[in-house]
Amino acid sequence: MKIDRREFAGGLSALAATSSFANFACSQTAKNQPLFVATWNFGLPACKQSLETLLKTGSVLDAIEKGINVAEADVKVDSVGVGGAPNADGVVQLDACFMDGETHGAGSVAALENYPHPISVARRVMEKTKHVLLVGNGAAEFAKKQGFKTQELLTEEQRSKWQAWKAKQPVETSTPANHDTIALVGMDTNGHIAGGCSTSGLAYKMAGRVGDSPILGSGLYVDGEIGAAGATGIGENVMRYCGSFLIVELMRSGMEPEAACRATIERIAKHDKKSPADLHINFLAINKQGRWGAAGTDAGFEIAVVTADIARLEKSFLVK
Ligand code: ASP
């Protein structure tokens with residue numbers, strides 16, 4: 001199950017003065033092997049599906065899409081696809097983006113309602129239109145024309161949580177604990193890199209609010225020559241700095257994936273004059289050499305890594 005970051009709140013504030021990174025001991029290589037890395041524990045079944053799809057179809061683009069579809073279809077994942085958290089008006093609005101490192105092609109959708117697989121619609125935006133980002137009704141109209149099926153996205157459980165939230169006066173704003181995105185990046189044995197991310201965004205967000213996830217360079221960025229990066233956490237703290245783009249550019253200048261993720265958080269924290277622990281941002285990255293890494297500011301952050309030999313979660317630990 002997903003770790004509720006509220007459980008860590010006490011520990012985090014106690015540690016904040018000396019230690020504010022959830023870091024990873026990973027910067028390993030999956031040489032000459034397919035590699036898939038995703039955010040959170042629900043990224044593990046997604047990455048496994050990605051590997052299976054790659055082995056079956058030979059397409060890393062199919063692999064990314066089908067992997068993310070697993071998290072989108074799982075009602076227990078309360079921050080992605082069906083069963084995702086609604087906005088302040090009780091409506092589930094989904095954001096996603098898809099990027100192909102080989103062609104530098106990309107597609108995104110934002111504030112998409114009633115379609116359970118925004119990542120598939122985002123991929124279709126890339127493949128079937130001259131555009132990159134479609135939002136709201138326009139995105140839904142496009143999904144309909146492309147033959148995607150609609151579905152009720154708001155589960156009874158999410159409806160009652162939302163009603164309880166709404167009944168509280170004054171209404172609480174979204175807290176750092178009630179969101180999470182799947183960002184999934186991968187590479188095949190020919191070095192073809194791709195990635196995607198999908199989310200319902202911050203729970204009880206303002207209607208129309210769009211986070212970092214469908215914004216290229218923020219929630220996701222893929223450069224076929226260098227690598228890929230993805231984000232989860234409070235989107236506003238990522239998108240003001242084009243976090244994923246920055247990580248890829250730092251890798252271009254020679255940094256390892258983990259160091260690039262860390263340096264990006266440090267830069268954001270320094271500029272915002274905040275302790276990293278107050279930012280709630282978490283990144284992962286892979287490079288063209290098949291190395292991966294991650295860094296985050298939430299103690300419960302974890303990533304899933306799947307290669308031909310490995311299928312595991314890597315948990316973060318706090319660094320002093
Ligand atoms: N980044 C997402 C957003 O701000 C939420 C998350 O990943 O936790 O919409």
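We count ligands from 1, going down the list as the structure has it; atoms in each ligand are counted the same way.
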NZ/NE/NH1/NH2 to OD/OE distance under 4.0 Å, Glu236 and Arg209: yes
Whether Glu236 lies under 4.0 Å from ligand 1, heavy atom: no
Once you round to the nearest 0.5 Å, how far does CD1 of Ile193 lie from CD of Glu225? 10.0 Å
What part of His280, side chain, backbone, both or neither, has a heavy atom within less than 4.0 angstrom of ligand 1? neither
Check Asp272 with Arg240, please: is the shortest side-chain N to carboxylate O separation under 4.0 Å? yes
Does Thr181, backbone or side chain, put an N or O under 3.5 Å from an N or O of ligand 1? yes
In a table with atom names and distances, give each donor-acceptor pair under 3.5 Å that connects a side chain of residues 142-155 to protein atoms at least two apart or in another chain.
residue: Gln146; atom: OE1; partner: Arg124; partner atom: NH1; Å: 3.0
residue: Glu152; atom: OE2; partner: Leu154; partner atom: N; Å: 3.0
residue: Thr155; atom: OG1; partner: Gln158; partner atom: N; Å: 3.2

Between ligand 1 and Gly235, is the shortest N or O to N or O distance under 3.5 Å? yes
Charged N-O contact under 4.0 Å between Arg159 and Glu157: no
Decide, yes or no, whether a salt bridge links Lys270 with Glu266 under the criterion of side-chain N to carboxylate O below 4.0 Å. no
Report yes if some N/O of Thr199 lies less than 3.5 Å from some N/O of ligand 1; otherwise report no. no
Looking at Asp212, which atoms of ligand 1 are within less than 4.0 Å of one of its heavy atoms? 1 (N), 2 (C), 3 (C), 4 (O)
Taking the minimum heavy-atom distance to atom 5 (C) of ligand 1, which of Gly211, Ala203, Gly230, Gly233 ranks first? Gly233
Backbone or side-chain N or O of Thr232 under 3.5 Å from ligand 1 N or O: yes
